[in-house]
2 protein chains.
Amino acid sequence: MYQRKIPIDYNCGLSVAMEVVGSKWKFCLLDEIHKGIKRPKDLVLAINGISKRVLQNQLRELELHGLLAKTIYTEIPLRVEYYLTETGVSLLPLIVALDKWGMNFAPQLKTILENESFETQM
Amino acid sequence: MYQRKIPIDYNCGLSVAMEVVGSKWKFCLLDEIHKGIKRPKDLVLAINGISKRVLQNQLRELELHGLLAKTIYTEIPLRVEYYLTETGVSLLPLIVALDKWGMNFAPQLKTILENESFETQM
DNA sequence: ATCAATGGTGATTAATTTATCACTACATGA
DNA sequence: TCATGTAGTGATAAATTAATCACCATTGAT
């Protein structure tokens with residue numbers, strides 16, 4: 001993994017939160033896993049645009065940070081299921097709220113960004 | 001500004017939210033402005049580690065996305081004050097909750113990351 | 001022996017975000 | 001004219017995150 005050069009500010013809750021969860025896919029991942037999609041291969045299918053490699057990286061970080069854990073079933077073919085730890089679960093209300101907020105905001109953002117590129121064209 | 005190559009998924013609330021607010025400083029910024037620190041020069045002082053240039057960029061994006069607006073007082077020296085729009089205000093409960101969560105999680109993260117680098121050394 | 005299915009890693013590049021530094025502009029007072 | 005304080009921009013480099021592609025391991029069936 002990458003060894004960061006600019007340190008985290010542990011005294012700012014927002015910094016800490018962003019560190020573990022502020023990346024392109026992590027909220028989505030936690031959300032999907034909570035909704036019941038637990039296996040890597042299913043997550044790749046469920047999450048539009050994520051690649052297998054990126055998924056694995058994010059899962060590993062979430063696991064390392066203690067938001068996820070996994071169970072390995074020694075079946076054939078191999079089955080691995082991820083689940084939210086207590087810490088992970090404690091984030092759920094926030095994820096739900098943020099998702100709702102984003103859905104609400106989407107049209108506004110779309111309009112803004114479309115006008116943006118329109119003006120840039122002229 | 002940067003012209004993104006990988007498009008936003010407007011159907012995922014979390015993607016949308018991350019787009020406007022998922023960057024290193026934006027939550028902090030909204031938080032500080034809400035708390036009453038409104039002028040760029042004061043924000044630079046208040047937010048540990050942010051530079052003037054970066055601050056201006058983030059303010060401009062938040063303004064463009066409609067979370068912030070500003071009032072320009074034609075005094076000498078010039079005074080500009082930012083404030084949260086209605087949309088910005090609608091994010092406050094989330095910011096507060098995330099900050100709280102992060103504060104709570106900080107010790108755990110610290111421990112994990114310290115053990116990390118210890119193991120890497122051996 | 002070879003293939004399929006699944007989970008996983010390594011090396012590298014591309015995309016994106018942050019940081020740095022040097023500027024402009026404005027109006028005032030020394 | 002020149003310095004001061006504030007807000008802001010431009011160009012560029014550095015840091016970080018995400019994407020790509022090729023690989024390994026396991027087990028069982030063909």
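In this text, all values refer to a predicted model and were calculated from it rather than measured experimentally. The sequence lines fix the lettering, A, B, ..., with proteins before strands; numbering per chain opens at 1.
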K.L.:
Pick the nucleotide of DNA chain C nearest each of I72(A) and I6(A); which residue has the one closer to the 5' end?
P.N.:
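Final value for this comparison: I72(A).
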K.L.:
Flag the pair K35(B) and D31(B) as a salt bridge only when some basic side-chain nitrogen lies within less than 4.0 angstrom of an acidic carboxylate oxygen.
P.N.:
yes
K.L.:
Can a side chain N or O of R4(B) be found less than 4.0 Å away from OP1 or OP2 on dT16(C)?
P.N.:
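Yes, such a contact exists.
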K.L.:
dT16(D), dG5(D), dA19(D): which one has an atom nearest the side-chain heavy atoms of K24(A)?
P.N.:
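Minimum distance to the K24(A) side chain belongs to dA19(D).
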K.L.:
Can you tell me how far CG of L113(B) sits from CZ of R4(A), rounded to the nearest 0.5 angstrom?
P.N.:
9.0 Å
K.L.:
So which nucleotide from dG8(D), dT16(D), dG28(D) ends up closest to the side chain of P40(B)?
P.N.:
dG8(D)
K.L.:
Between L64(A) and I112(B), which heavy-atom pair has the shortest distance, and what is it?
P.N.:
O-CG2, 3.4 Å
K.L.:
OP1 or OP2 of dT6(D) sitting under 4.0 Å from any side-chain N/O of K41(B)?
P.N.:
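Yes, K41(B) has a side-chain N/O under 4.0 Å of OP1/OP2 on dT6(D).
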K.L.:
Looking at Y82(B), is K38(B) sitting on its ring face, NZ or CZ under 6.0 Å from the six-membered ring centre and within 45 degrees of the normal?
P.N.:
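Not satisfied by the 6.0 Å and 45° rule.
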K.L.:
Considering every strand and a 4.0 Å limit on heavy-atom distances, what is the contact class for I50(B): base, sugar-phosphate, or nothing?
P.N.:
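I50(B): no heavy atom of the nucleic acid under 4.0 Å.
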K.L.:
Reading DNA chain D from 5' onward, which residue's closest nucleotide shows up sooner: P7(A) or R60(B)?
P.N.:
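With P7(A) and R60(B) compared, the 5'-side residue is R60(B).
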K.L.:
With the side chain of R53(B) defined as its heavy atoms from C-beta on, choose the nearest nucleotide among dT17(D), dA15(C), dT20(C).
P.N.:
dT20(C)
